[in-house]
Amino acid sequence: MRLRTLGWGLLSLGLILLTSSLAADVEVREQPDDHETAGFASRAAAEGQVSPTGPTAVQERRRQGALVMDGMPEIPPRLARELSPYMSIRSAGFGGWHPSGDGILITTRFGETRQIHHVASPLAARRQLTFYDEPVGGLTVSPAEATEGFLFTKDVGGGEAYQVYFYDLSSGQARLLSDGEARHGAPVWSADGQRFAYFTTRRNGKDWDIVGGSPAMGEDHLLWRGTGAWVPVQFSPGGGRLMVNRLVSANENYPYLLDLDSGELTPFQPSAEKVSFGRLRFSKDGRSIFFTSDADSEVQRLRRYDLESGQEAILSQAFDWNVEDFALSADGRLLAYSVNVDGSSQLQLLALEGDARLTGELPMGRIGGLEFSPDSSHLAFQLNSPRSPGDVFSYDLTNGNLVRWTHSEIGGLDDSQFVLPELIRYPTFDMVDGEARQIPAFYYRPEGDGPFATIVRIHGGPEGQSRPTFDSLLQYWVNEMGIAVLVPNVRGSSGYGKSYLKLDNGRLREDSVADIGALLDWIGERPELDSERVAVMGGSYGGYMVLASLVHYSERLRAAVDVVGISNFVTFLENTKDYRRDLRRVEYGDERDPEMRRFLESISPANQAEKMRSPLFIVQGLNDPRVPVTESEQMLAELRRQGKDVWYLMAEDEGHGFRKQGNRDIYNQAVVLFLQRYLLSSSSPTAPAAQAASAPAAAAVQVAALQ
């Protein structure tokens with residue numbers, strides 16, 4: 001067995017939200033029904049979501065296409081022109097090797113939405129295959145040339161009621177496989193390409209069943225009737241078993257082997273402790289399973305389990321960081337895996353049989369989508385770094401050369417001018433082994449001496465992790481506006497061990513907010529940063545963090561941008577989609593318990609709006625199934641009732657973030673205008689305190705969270 005390092009790890013910073021974190025899927029209708037989009041403001045008022053006579057009254061809202069704007073000024077045309085090069089940047093994601101060996105499939109955008117394209121050879125023209133008004137999500141290519149096609153997913157209007165399609169490469173036609181209404185996803189193929197499986201919520205809208213079918217069949221059939229969230233993982237090489245996974249939380253899930261003839265379910269690696277499993281894959285001969293888990297470990301380690309002997313071997317023993325992805329070669333000889341080292345990736349190759357010839361270094365960046373070619377001669381992946389928006393490469397295992405397949409456009413900009421972040425750590429309020437706990441963050445600094453206005457960018461999840469990937473809007477802030485950007489991974493973030501991941505669960509929720517207070521302290525100690533010009537921005541759970549930061553630190557913040565954020569944990573849990581509610585209760589607490597309900601109400605920003613004194617920009621998608629539009633509407637209504645300064649932008653054809661290019665352009669322009677007006681202006685709208693609050697003030701948030 002021989003281990004070789006393929007290349008250095010990757011710097012890449014995360015755009016938090018604006019794309020869905022789950023695999024995207026299919027649509028049935030090209031546009032939502034009229035009742036889903038038309039007359040939202042009057043419908044919301046009738047349902048008691050918005051006051052029909054207060055500041056959010058219908059007549060104050062104006063429309064621009066599918067966008068509804070409230071309290072926002074007109075965007076100057078010059079701003080659209082200035083931002084245009086940054087908004088014209090494209091990226092490419094690896095979708096899979098063509099089943100016949102004819103190049104690769106990728107996803108990229110040439111119009112309003114991301115679609116699937118074929119690239120026949122390295123740097124060849126991108127030939128578009130799908131043409132939808134809605135963005136196409138994940139795809140999985142048939143592993144057998146006899147079934148020349150791929151499965152892909154797509155929804156409508158960001159509602160995440162994903163559907164599954166089969167695209168026939170020989171005819172160029174796509175066919176809907178799922179029911180067109182419920183949520184579906186995670187499609188997987190059998191090794192011979194004759195069958196597939198995916199999950200569906202069509203039985204009751206809450207539980208995830210697993211169904212199977214084939215390209216030739218008109219209907220699917222039930223493979224497993226689940227209670228809770230179940231997803232298919234992989235068919236065994238012989239096709240007699242299907243590996244499935246029951247999802248409970250970021251810290252807990254349970255894999256099983258499902259016998260497809262008898263229906264018998266056998267647990268894989270049962271344990272008395274709560275274990276988080278990552279990727280799982282059968283060996284080529286089906287006698288072993290390769291997998292990642294944090295069993296008896298703080299981090300996800302790569303392991304091999306022999307199904308006959310019950311023996312387990314740890315393959316990534318040398319790393320104290322999470323193994324985030326791995327791939328097995330078709331011939332069973334090689335295993336490639338990537339390690340998340342402090343937010344950056346390192347790519348490794350393991351020779352399971354024989355030897356592996358590897359030379360050369362990979363460019364800096366974050367790696368994803370590892371997949372060997374059908375003949376096992378190349379390893380494909382997508383590479384994303386702060387200076388590159390994402391392109392597809394392959395590593396030629398016969399000669400050690402790195403092959404570039406796509407070269408995405410960057411709007412005519414000079415990529416050498418894009419800013420690389422510095423990885424910093426700052427002390428927070430609590431102690432670890434007698435020393436102040438250190439919180440990691442990526443620091444993007446403009447040229448010059450400052451003092452610079454600063455944006456604190458907070459990721460969602462809450463189990464997400466900010467990583468140094470490409471972000472065109474962030475690069476505009478730093479390069480064109482001279483704003484410094486700090487992107488922290490506060491407690492509760494993934495990537496730093498399972499103990500760190502649990503530090504914000506339940507009643508510890510506001511401890512993560514105190515980590516933002518500690519970052520404001522750190523900003524106040526940096527001579528190149530202006531502590532009187534600081535803004536916070538985040539989406540989803542990061543949106544809650546923005547609102548909570550306004551509750552606790554308004555006197556230290558000039559402005560804030562909340563994108564699809566949670567404003568009240570009780571109403572959020574009651575209104576999020578049925579199929580995800582129990583998963584979120586594990587993280588936030590069960591609102592049905594009276595004591596927990598009182599706690600959740602006590603920390604919810606919507607109940608503390610009187611403490612929020614900084615101008616706020618709220619952004620929301622009407623069809624969001626995760627954080628419903630009512631979360632933003634109730635926050636807006638309460639702030640307007642108190643006479644606070646709020647901008648509101650809502651898209652009627654989007655969900656959990658904006659995926660359509662036209663909507664994203666307006667959103668980006670509006671964010672820049674908001675920052676120009678409230679962050680960069682010489683006069684302070686909130687008269688922030690001249691001196692940053694001390695560390696004990698930040699710790700006070702933690703004390704309140706425990707009471």
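Just so you know, residue 1 is the first one in the sequence shown, and it goes up from there.
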Does a salt bridge link [X] with [Y], judged by any charged N lying under 4.0 Å from a carboxylate O?
X      : Y      : value
Arg457 : Asp471 : yes
Arg592 : Asp590 : yes
Asp70  : Arg640 : yes
Glu160 : Lys577 : no
Glu74  : Arg62  : yes
Glu652 : Arg63  : yes
Arg203 : Asp209 : yes
Glu587 : Arg509 : yes

Applying side chain to side chain contact (heavy atoms under 4.5 Å, CB included), can you list everything that pairs with [X], at least two apart in sequence or on another chain?
X      : value
Glu595 : Arg507, Asp593, Arg598
Glu480 : Tyr86, Tyr476
Ala182 : Asp179, His184, Thr200, Thr201, Arg202
Ala559 : Ala535, Phe674, Tyr678

Mark yes or no for whether [X], through its side chain, and [Y], through its backbone, hold a donor-acceptor pair below 3.5 Å.
X      : Y      : result
Arg664 : Phe658 : yes
Ser249 : Asn251 : yes
Gln465 : Ser493 : no
Gln163 : Leu177 : no
Thr576 : Arg626 : yes

Non-neighbouring partners of [X] that pass salt bridge (Lys or Arg N to Asp or Glu O under 4.0 Å), sequence neighbours left out:
X      : answer
Lys206 : Asp582
Arg581 : Asp578
Glu82  : Arg78
Arg491 : Asp430, Asp515

Interatomic distance, [X] atom [atom1] to [Y] atom [atom2] [nearest 0.5 angstrom]:
X      : Y      : atom1 : atom2 : answer
Glu510 : Ser602 : CD    : OG    : 7.0 Å
Asp562 : Leu547 : CG    : CG    : 4.0 Å
Arg533 : Ser681 : CZ    : OG    : 8.5 Å
Asn663 : Gln64  : CG    : CD    : 9.5 Å

Please name the pair of heavy atoms, one in [X] and one in [Y], separated by the smallest distance, quoted to 0.1 Å.
X      : Y      : answer
Val564 : Gly621 : CG1-N, 3.9 Å
Val563 : Tyr667 : CG2-OH, 3.8 Å
Pro232 : Ala186 : CG-O, 3.3 Å
Val570 : Asn568 : N-OD1, 2.8 Å

Are [X] and [Y] side-chain neighbours, meaning at least one heavy-atom pair lies under 4.5 Å?
X      : Y      : value
Thr454 : Leu486 : yes
Val619 : Phe617 : yes
Ile439 : Leu519 : no
Tyr541 : Val546 : no
Met612 : Gln642 : no
Arg109 : Gln115 : no
Phe442 : Asn489 : yes
Lys611 : Leu550 : no

Please identify each residue that fulfils ring-ring contact (aromatic ring centres under 6.0 Å, His included) with Phe569, with sequence neighbours left out.
->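 Phe569: ring-ring contact (aromatic ring centres under 6.0 Å, His included) contacts with Tyr544, Tyr588.
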Contacts of Tyr167 that satisfy ring-ring contact (aromatic ring centres under 6.0 Å, His included) - sequence neighbours left out |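 With sequence neighbours excluded, Tyr167 shows a ring-ring contact (aromatic ring centres under 6.0 Å, His included) to Phe150, given in chain and number order.
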Residues in side-chain hydrogen bond (donor to acceptor under 3.5 Å, both in side chains) with Ser632, at least two apart?
->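 With neighbours one apart ignored, the set is Gln620.
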Set of side-chain hydrogen bond (donor to acceptor under 3.5 Å, both in side chains) partners for Thr108, sequence neighbours left out =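 By the side-chain hydrogen bond (donor to acceptor under 3.5 Å, both in side chains) rule, Thr108 matches no residue at all.
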Verify the distance criterion only: is there a donor paired with an acceptor across the side chains of [X] and [Y] at less than 3.5 Å?
X      : Y      : result
Ser494 : Glu463 : no
Asp665 : Asn668 : no
Asn623 : Glu654 : no
Gln661 : Thr113 : no

Show your reasoning for whether side chain to side chain donor-acceptor pair (under 3.5 Å) applies to Arg114 and Ser91.
-> CA-CA 10 Å; Arg114 209 167 174 85; Ser91 65; 3.3 Å; yes
What residue among Asp624, Asp133, Asp155 forms salt bridge (Lys or Arg N to Asp or Glu O under 4.0 Å) with Arg659?
->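 Single pass found, and it is Asp155.
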